[in-house]
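The structure that follows is given in the form of structure tokens.
In this chain, residues are counted from 1 in sequence order.
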Amino acid sequence: MKNVINSIALSVICSISSTVSFSADFDTGESFADKLRPGGTGPEVVVIPGGRFILGGGTAGQHDLGVVKFDYRVAVGVTEVTVGQYRQFLQATQSGNLDKFEDRDEKLPASGVSWDEAEAYLTWLSRASGHHYRLPSASEWEYAARAGTSTLYSWGDEVGEERANCLGCTKKFTGELAPVGSFSPNAWGLYDMHGNVWEWTRDCIDSNSAPPANGMPQLFGNCESRELRGGSAKSDSWSIRAGARATALRKTRLSDVGFRVVRELDFSEQ
């Protein structure tokens with residue numbers, strides 16, 4: 001796997017410049033999936049608006065970390081990256097990890113993937129599509145999860161029933177991962193921002209500073225650990241709040257940790 005990561009990283013800059021195709025402007029709220037050079041399409045993404053919000057803030061019980069303003073738009077994965085999508089990457093790169101995913105339901109979120117392995121997938125996806133894909137910053141992730149709200153969850157301050165996959169939230173899965181899109185999306189069309197699997201972000205861990213106010217990731221501090229967002233099927237309802245966060249070592253593979261893509265919009269698409 002290490003050799004695969006290195007070879008992809010060395011060639012990605014050249015391949016993106018030679019394969020990028022400029023398309024018409026995307027409207028906010030528009031969803032699409034890029035065609036891939038090896039065949040098929042990448043993950044479906046939806047364009048979310050620029051704007052501002054209070055990071056970690058809102059209703060009682062949340063910690064206000066300041067206002068974050070987004071002067072740009074990005075497209076965010078409609079769902080977590082699935083087993084089927086991740087398997088396509090493993091097959092294309094002839095990875096030795098393929099056997100760990102061959103018997104899994106392709107509609108489940110890809111879990112047990114380290115931060116470094118998620119980065120390798122995104123580098124491959126950028127090369128295969130000709131567009132820049134990456135992990136979200138922690139601020140982008142929370143902004144997308146809230147979808148314009150300031151409540152504990154995107155639907156309100158009570159977790160309710162059958163709105164997300166977490167312990168005590170649903171009787172359908174009881175601690176097991178659910179196929180992506182098993183619950184209703186938020187107002188921006190994003191599924192499973194609360195529960196199912198924790199999701200990797202780009203941010204390093206530094207308890208002595210606030211995240212950047214422009215939405216960019218925090219890339220200093222303890223970068224051997226990275227921030228996780230969203231909670232999982234094994235989390236209680238408090239841990240799946242929009243403002244909840246956790247950390248994990250970047251090289252660890254955890255059964256309830258996956259990831260979601262961000263696709264940057266090319267200049268002609270902004």
Subject >> Ring centre gap for Tyr191 and Phe183 strictly below 6.0 Å >> reply: no
**OP:** Output yes when a side-chain donor or acceptor of Arg202 lies under 3.5 Å from a complementary backbone atom of Pro217, and no otherwise.
**Re:** no
Original post:
To the nearest 0.5 Å, how far apart are CZ in Phe26 and CG in Leu265?
Top reply: 7.0 Å
Original post:
Can you name the nearest heavy-atom pair linking Trp115 to Thr201, along with the distance?
Top reply: NE1-O, 2.9 Å
**OP:** Determine, stepwise, if the pair Leu177 / Asp105 fulfils side-chain contact (heavy atoms from CB on, under 4.5 Å).
**Re:** CA-CA 11 Å; Leu177 301 187; Asp105 182 345; over 6 Å; no
Subject >> Ser137 (side chain) donor-acceptor with Gly215 (main chain) under 3.5 angstrom >> reply: yes
**OP:** Could you walk me through whether Glu102 and Gln91 pass the side-chain contact (heavy atoms from CB on, under 4.5 Å) test, one step at a time?
**Re:** CA-CA 10 Å; Glu102 285 185 331; Gln91 291 171 336; 5.9 Å; no
Subject >> Asp99 CG: over 12 foreign heavy atoms closer than 6.0 Å >> reply: yes
Original post:
What residues form a side-chain contact (heavy atoms from CB on, under 4.5 Å) with Asp206, not counting sequence neighbours?
Top reply: Asn208, Ser209, Gln218, Phe220
Subject >> Single-linkage hydrophobic cluster, 4.5 Å side-chain cutoff, Leu228 and Leu167 together >> reply: no
**OP:** Find the distance between CG (Leu90) and OG (Ser95) and round it off to the nearest 0.5 Å.
**Re:** 4.5 Å
Subject >> Asp192 (side chain) donor-acceptor with Asn196 (main chain) under 3.5 angstrom >> reply: no
**OP:** Inspect the surroundings of CD in Glu158 and state if more than 12 heavy atoms from other residues, nucleotides or ligands are less than 6.0 Å away.
**Re:** no
Original post:
Taking all non-hydrogen atoms of both residues, which atom of Ala110 and which atom of Tyr86 are closest, and how far apart?
Top reply: CB-CB, 3.8 Å
Original post:
Glu264 side chain to Arg134 main-chain N or O, any donor-acceptor pair under 3.5 Å?
Top reply: no
**OP:** Taking Arg263 for its side chain and Ala33 for its backbone only, find out whether a donor-acceptor pair lies under 3.5 Å.
**Re:** no
Original post:
Is there a donor-acceptor contact under 3.5 Å from the side chain of Asn186 to the main chain of Gly189?
Top reply: yes
Subject >> Side-chain donor/acceptor of Arg104 to backbone N/O of Ser111, under 3.5 Å >> reply: yes
**OP:** Would you check, one step at a time, whether the test side-chain contact (heavy atoms from CB on, under 4.5 Å) holds for Thr28 with Trp188?
**Re:** CA-CA 9 Å; Thr28 297; Trp188 289 351; over 6 Å; no
**OP:** Look at the side chain of Thr41 and the backbone N and O of Lys35, then say whether any donor-acceptor pair between them is shorter than 3.5 Å.
**Re:** no
Subject >> hydrophobic_cluster_shared for Leu108 and Leu98, side chain cutoff 4.5 Å >> reply: yes
Original post:
Can you tell if the side chain of Arg163 reaches within under 4.5 Å of the side chain of Tyr153, non-hydrogen atoms only?
Top reply: no
Original post:
Taking atom types as modelled and ignoring hydrogens, do the side chains of Thr247 and Glu227 form a donor-acceptor contact shorter than 3.5 angstrom?
Top reply: no
Subject >> Donor-acceptor contact below 3.5 Å, side chain Thr252 vs main chain Ala248 >> reply: no
Subject >> Sequence neighbours excluded - disulfide (SG to SG under 2.5 Å) pairs with any residue from residues 121-173 >> reply: Cys166-Cys169
Original post:
Heavy atoms, side chains only, cut-off 4.5 Å: are Arg241 and Asp157 in contact?
Top reply: no
Subject >> Neighbour count above 12 (heavy atom, 6.0 Å) for Glu176 CD >> reply: no
Original post:
Shortest non-hydrogen contact from Ile54 to Glu142?
Top reply: O-OE2, 4.1 Å
Original post:
Does some side-chain heavy atom of Trp124 sit less than 4.5 Å from a side-chain heavy atom of Leu36?
Top reply: yes
Subject >> Sequence-distant partners of Glu106, side-chain contact (heavy atoms from CB on, under 4.5 Å), two or more places apart >> reply: Arg87
**OP:** Answer yes when Glu117 and Lys251 have at least one side-chain N-carboxylate O distance shorter than 4.0 Å, and no when they do not.
**Re:** no
Original post:
Hey, quick one: are Ile205 and Trp200 part of the same hydrophobic cluster, counting side-chain heavy atoms closer than 4.5 Å, chains of contacts allowed?
Top reply: no
Original post:
Is the shortest heavy-atom distance from the side chain of Ser182 to the side chain of Lys172 under 4.5 Å?
Top reply: no
**OP:** State which residues pass ring pair (Phe, Tyr, Trp, His ring centres under 6.0 Å) with Phe70; sequence neighbours excluded, sorted by chain then number.
**Re:** Tyr72, Tyr143
Original post:
Say you draw a straight line from CZ of Arg146 to CZ of Phe53; how long is it, rounded to the nearest 0.5 Å?
Top reply: 6.5 Å
Original post:
Within the distance-only criterion (no hydrogens, no angle test), does the side chain of Ser239 pair as donor or acceptor with the backbone N or O of Ser235 below 3.5 angstrom?
Top reply: no
**OP:** Taking atom types as modelled, find out whether Thr79 and Arg260 have a side-chain donor-acceptor pair closer than 3.5 angstrom.
**Re:** no
Subject >> Validation row: Leu55, Pro211 side chains within 4.5 angstrom (heavy atoms) >> reply: yes
Original post:
Looking at Asp27 and Val47, what are the two nearest heavy atoms and their distance?
Top reply: O-CB, 3.6 Å
**OP:** Under the salt bridge (Lys or Arg N to Asp or Glu O under 4.0 Å) rule, what do Arg226 and Asp203 come out as? Steps first, then yes or no, please.
**Re:** CA-CA 6 Å; Arg226 300 288 173 149; Asp203 290 50; over 6 Å; no
**OP:** Could you pull out the closest heavy-atom pair between Val46 and Leu190, with the gap in Å?
**Re:** CG1-CD2, 3.4 Å
Original post:
Cluster question for you: counting only ILVMFWY and a side-chain heavy-atom cut-off of under 4.5 Å, with indirect links fine, are Val257 and Val261 together?
Top reply: yes
Original post:
CD/Gln85 to NZ/Lys107 distance, rounded to the nearest 0.5 angstrom?
Top reply: 12.0 Å
Original post:
CG of Leu249 to OG of Ser225: how many Å apart, nearest 0.5 Å?
Top reply: 4.0 Å
**OP:** Check whether Met193 and Phe173 end up in the same hydrophobic cluster, where Ile, Leu, Val, Met, Phe, Trp and Tyr are linked by side-chain heavy atoms less than 4.5 Å apart.
**Re:** no
Subject >> Set of residues satisfying side chain to side chain donor-acceptor pair (under 3.5 Å) with respect to Ser255, sequence neighbours excluded >> reply: Lys234
Original post:
Will you find, in the side chains of Asp256 and Ser232, an N or O donor that is under 3.5 Å from an N or O acceptor?
Top reply: yes
Subject >> Trace of the side-chain contact (heavy atoms from CB on, under 4.5 Å) decision for Ile240 with Val159 >> reply: CA-CA 9 Å; Ile240 71 164; Val159 70; 4.2 Å; yes
Subject >> Results of ring pair (Phe, Tyr, Trp, His ring centres under 6.0 Å) for Phe259 - residues two or more places apart only >> reply: Tyr121
**OP:** Might you point out which heavy atoms bring Ala144 and Ile48 nearest each other, and give the distance in Å?
**Re:** CB-CD1, 4.1 Å
